[in-house]
Asks: 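Shown below is the structure under consideration.
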Amino acid sequence: PLSKEAIEAESGLARLRGILGENFPPVMPQVRLERAARLTRGGQGARARREYSEMAYDFGGAQRDYARVRAAFDSYVALAALEVATPDADAERLFLMHAATRRSKLDVAAERAVEELGRKHATSRWRLLAIVAQANSHLVKNEADLYEPLYRTCYRDFPNEPEAAFCHWKVTWASHMRREGPGMFEEHLRLYPQSEKASAALYFLGRKAELVAQYPLSYYAMLARTQAPARTKRTQLPDFQPSAAMRVRLDRAQILESLEYPEWAEFELQWAAQNEANSFPAAMALAETASRRGAHDVSIRYIKRYAPGYLSIPLEAAPEKFWRLAFPLPYRTPLESSSRERGLDPFLLAALIRQESEFNPKALSSARAYGLTQVLPSTARQISRKAGVIGFTTDRLFEPEVNLKLGSYYLKSLLDQHDGAWEKTLASYNAGKSRTNLWSQWAEYREPAEFIESVPFTETRNYIQIVLRNAEVYRRLYGSEVTGR
């Protein structure tokens with residue numbers, strides 16, 4: 001409903017209604033509900049509310065209950081006054097009440113909504129979502145006595161839901177920071193062997209050879225490799241040799257590109273990547289086509305989309321060209337120049353850029369951060385003269401050299417404020433220095449990894465680990481090259 005094609009479709013449907021009159025087929029209730037849900041997810045709350053209100057008059061039974069609840073989704077008073085007969089709609093009503101109380105920072109009312117969900121809808125997924133949201137709200141305030149019971153309830157009452165591993169890890173980590181021994185790490189690996197935190201559990205258990213073998217390009221494998229290099233090899237590796245059918249597709253795409261039909265070539269390769277059993281050759285070919293036209297961000301995204309699990313592959317198990325497409329280094333001369341000027345590791349700067357903008361110099365985030373290093377205009381204005389940028393304007397943040405000067409200066413200033421601690425520097429770059437200072441006071445951290453794992457924001461925690469991981473990959477790919485320094 002948010003696409004430009006939807007506007008054309010609506011006018012076409014209006015014409016059809018005029019022609020068909022009473023014979024025009026009604027739209028099924030579930031379709032209308034899904035359309036309104038998409039409007040809500042797209043930030044069109046007012047439009048969604050109007051449509052839900054219309055549905056409340058048009059529908060009966062369960063669909064009417066859902067429509068009434070969702071029409072009042074952001075009003076605690078309206079939700080509290082509603083009475084609906086459908087159990088799942090009532091559970092959703094209570095969850096939305098919980099969300100409204102958290103937005104208004106009404107902690108007691110939020111807890112009451114969670115308790116009511118437990119009494120009336122103990123097995124509902126809406127209860128699970130409310131429990132996790134309530135626990136997270138206590139997590140960001142470091143209230144372990146409040147969040148631990150909620151996370152325990154999460155994984156005990158909903159052991160088969162995707163959130164169970166996340167909740168168990170939060171309790172596991174709190175136990176570790178109290179220095180209670182390795183038992184919960186072992187339990188986590190036993191209960192959730194596919195958890196995204198399995199590599200962290202292996203690291204803190206000291207099973208570093210196993211860690212490097214199973215998660216060769218994870219942040220924790222990088223740490224383990226520097227401490228105790230492992231020689232274990234994985235057995236299942238991707239095949240970069242195209243099948244006969246894939247070879248036909250690759251050849252056809254090459255011909256189309258040579259005839260100056262690059263879009264058709266990419267369509268051909270995308271079809272191959274989506275339909276052939278082994279997508280890695282097509283992923284690499286797609287990344288090459290994007291790289292040749294300077295679209296390094298598109299090249300990276302092709303690898304991410306069509307080379308599933310590529311970060312589980314040891315570097316030596318894939319062609320170097322594949323890794324250089326996944327971890328490109330454009331703008332290398334100004335990047336290294338800015339790094340030398342600030343005394344920064346150029347591979348860490350490259351790693352940050354890959355995560356921030358994927359090397360798209362025209363990147364513009366929803367928070368209005370600009371360019372390669374995603375600098376805010378307000379920050380850039382404050383530091384432009386100190387960074388050696390004369391005549392600064394916001395549009396100049398799209399110039400790679402200017403952006404690199406400003407981004408590297410800001411990064412170095414944060415690094416100095418954190419006494420050279422990269423994990424805290426990156427936390428500040430992503431979430432702000434005041435939050436980082438607060439998190440630093442939460443515990444006595446025995447190593448940087450403990451600080452990182454204690455960061456309560458998933459986005460920031462992942463950001464730190466990804467950038468540090470990226471930097472290690474960049475060093476291994478480009479570190480031995482002479483760059484004319």
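These numbers come from the heavy atoms of this one structure, side chains and all, not from hydrogens, waters or symmetry mates.
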Asks: Are Trp271 and Glu266 close enough, and set up right, to give a side chain to side chain donor-acceptor pair (under 3.5 Å), and what steps lead you there?
Replies: CA-CA 8 Å; Trp271 191 96; Glu266 291 192 39; over 6 Å; no
Asks: Which value, rounded to the nearest 0.5 Å, describes the distance between Leu150 atom CG and Leu139 atom CG?
Replies: 11.0 Å
Asks: Could you list all the side chain to side chain donor-acceptor pair (under 3.5 Å) pairs where at least one residue sits in residues 277-290, not counting sequence neighbours?
Replies: Glu288-Lys321
Asks: Rounded to the nearest 0.5 Å, what's the gap from CD on Glu276 to CZ on Arg249? Could you check?
Replies: 7.0 Å
Asks: Under a 4.0 Å N-O cut-off, is there an ion pair linking Glu8 with Lys4?
Replies: no
Asks: Would you say the ring centers of Phe347 and Tyr474 fall short of 6.0 Å from each other?
Replies: no
Asks: Any chance you could lay out the side chain to side chain contact (heavy atoms under 4.5 Å, CB included) test for Ile353 and Leu335, step after step, and finish with the verdict?
Replies: CA-CA 10 Å; Ile353 293 169; Leu335 186 152; 3.8 Å; yes
Asks: Does the ring of Phe327 carry Arg354 above it, NZ/CZ under 6.0 angstrom from centre and within 45° of its axis?
Replies: yes
Asks: Does Tyr192 have any ring-ring contact (aromatic ring centres under 6.0 Å, His included) partners at least two apart in sequence or in another chain, and if so, which?
Replies: His168, His188
Asks: For salt bridge (Lys or Arg N to Asp or Glu O under 4.0 Å), just list the numbers for Glu336 and Arg332, CA-CA rounded to whole Å, side-chain angles, deciding distance to a tenth of an Å, and then say yes or no.
Replies: CA-CA 6 Å; Glu336 291 188 333; Arg332 184 167 185 175; 3.1 Å; yes
Asks: Between the side chains of Tyr220 and Glu453, is a donor N or O closer than 3.5 angstrom to an acceptor N or O?
Replies: yes
Asks: Give every residue pair that meets the ring pair (Phe, Tyr, Trp, His ring centres under 6.0 Å) criterion with at least one member in residues 359-408, sequence neighbours excluded.
Replies: Tyr370-Phe398
Asks: ring-ring contact (aromatic ring centres under 6.0 Å, His included) with His98: which residues, sequence neighbours excluded?
Replies: none
Asks: Could you name each residue pair satisfying salt bridge (Lys or Arg N to Asp or Glu O under 4.0 Å) that touches residues 462-472, not counting sequence neighbours?
Replies: Glu472-Arg475
Asks: Between Arg476 and Glu320, is the closest basic N to carboxylate O distance under 4.0 Å?
Replies: no
Asks: With a 3.5 Å cut-off and no angle check, do the side chains of Gln274 and Gln270 form a donor-acceptor pair?
Replies: no
Asks: Does anything in residues 414-434 pair up under ring pair (Phe, Tyr, Trp, His ring centres under 6.0 Å), and if so which pairs, sequence neighbours excluded?
Replies: Tyr410-Tyr429
Asks: Using the salt bridge (Lys or Arg N to Asp or Glu O under 4.0 Å) rule, take Asp74 and Arg49 through it: C-alpha gap first, then chi angles, then the decisive distance, then the call.
Replies: CA-CA 10 Å; Asp74 60 350; Arg49 191 182 299 106; 2.7 Å; yes
Asks: Check whether any side-chain heavy atom of Ser413 lies under 4.5 Å from a side-chain heavy atom of Gln417, and answer yes or no.
Replies: yes
Asks: Give me the one residue out of Thr460, Asn462, Thr425 that meets side-chain hydrogen bond (donor to acceptor under 3.5 Å, both in side chains) with Asn430.
Replies: Thr460
Asks: List the atom of Ser299, the atom of Ala287, and the distance in Å for their closest heavy-atom pair.
Replies: OG-O, 3.0 Å
Asks: Salt bridge (Lys or Arg N to Asp or Glu O under 4.0 Å) between Glu163 and Lys170: does it pass, once the steps are laid out?
Replies: CA-CA 11 Å; Glu163 291 83 359; Lys170 290 302 181 187; over 6 Å; no
Asks: Let's go through Tyr151 and Tyr155 carefully: what are the C-alpha distance in whole Å and the side-chain angles of both, what is the deciding distance for ring-ring contact (aromatic ring centres under 6.0 Å, His included) to 0.1 Å, and is it a yes or a no?
Replies: CA-CA 7 Å; Tyr151 285 132; Tyr155 68 78; 9.0 Å; no
Asks: For atom NZ of Lys141, decide whether the heavy atoms of other residues, nucleotides or ligands shown that lie under 6.0 angstrom number more than 12.
Replies: yes
Asks: Which residue pairs satisfy the ring pair (Phe, Tyr, Trp, His ring centres under 6.0 Å) criterion with at least one member in residues 445-464, sequence neighbours excluded?
Replies: Trp439-Phe457, Tyr445-Phe451
Asks: Under 3.5 Å, is there a donor-acceptor pair between the side chain of Asn403 and the main chain of Leu397?
Replies: yes
Asks: Could you work out, with side chain to side chain donor-acceptor pair (under 3.5 Å) as the rule, every residue matching Asp251, not counting sequence neighbours?
Replies: Arg247
Asks: In plain terms, say whether Glu401 and Lys405 are close enough for a salt bridge, that is, a side-chain N and a carboxylate O under 4.0 Å apart.
Replies: no
Asks: Tell me, please, which residues at least two apart from Phe95 pass ring-ring contact (aromatic ring centres under 6.0 Å, His included).
Replies: Trp126
Asks: Pairs of donor and acceptor atoms involving the side chains of residues 377-385, under 3.5 Å and at least two apart or interchain, shall be tabulated with distances.
Replies:
from   : atom 1 : to     : atom 2 : distance (Å)
Arg381 : NH2    : Thr394 : OG1    : 3.4
Ser384 : OG     : Arg381 : O      : 3.4

Asks: Only counting residues at least two apart or in another chain, list the ones meeting ring-ring contact (aromatic ring centres under 6.0 Å, His included) with Phe240.
Replies: Phe280, Phe322
Asks: Can a donor-acceptor pair be found between the side chains of Arg396 and Thr393 at a distance below 3.5 Å?
Replies: no
Asks: Mind checking what makes side chain to side chain donor-acceptor pair (under 3.5 Å) contact with Glu143, not counting sequence neighbours?
Replies: His138
Asks: Under 30°, 30 to 60°, or over 60°: which ring-plane class applies to Trp173 and His176, parallel, tilted or perpendicular?
Replies: tilted
Asks: Kindly compute the distance separating CG (Leu404) from CG (Leu411), expressed to the nearest 0.5 Å.
Replies: 11.5 Å
Asks: Using a cut-off of 6.0 Å, state whether more than 12 heavy atoms not belonging to Arg41 lie near its atom CZ.
Replies: yes
Asks: To the nearest 0.5 Å, what is the distance between OH on Tyr219 and CG on Asn470?
Replies: 13.0 Å
Asks: Applying the side-chain contact (heavy atoms from CB on, under 4.5 Å) test to Ser357, which of Leu372, Leu364, Thr373 qualifies?
Replies: Leu372
Asks: Could you state the interatomic distance from CG (Asn136) to CD (Gln134), rounded to the nearest 0.5 Å?
Replies: 9.5 Å
Asks: Mind running side chain to side chain donor-acceptor pair (under 3.5 Å) on Ser428 and Thr436 for me, showing each step along the way?
Replies: CA-CA 6 Å; Ser428 293; Thr436 302; 3.1 Å; yes
Asks: Can Arg293 and Glu257 be said to form a salt bridge (Lys or Arg N to Asp or Glu O under 4.0 Å), step by step?
Replies: CA-CA 12 Å; Arg293 57 185 167 85; Glu257 191 169 5; over 6 Å; no
Asks: Decide side chain to side chain contact (heavy atoms under 4.5 Å, CB included) for Leu352 and Leu348; before the verdict, give the C-alpha distance in whole Å, the side-chain angles of both, and the deciding distance to 0.1 Å.
Replies: CA-CA 6 Å; Leu352 179 142; Leu348 253 163; over 6 Å; no
Asks: What's the spacing between Thr172 OG1 and Met184 CE if we round to 0.5 Å?
Replies: 3.5 Å
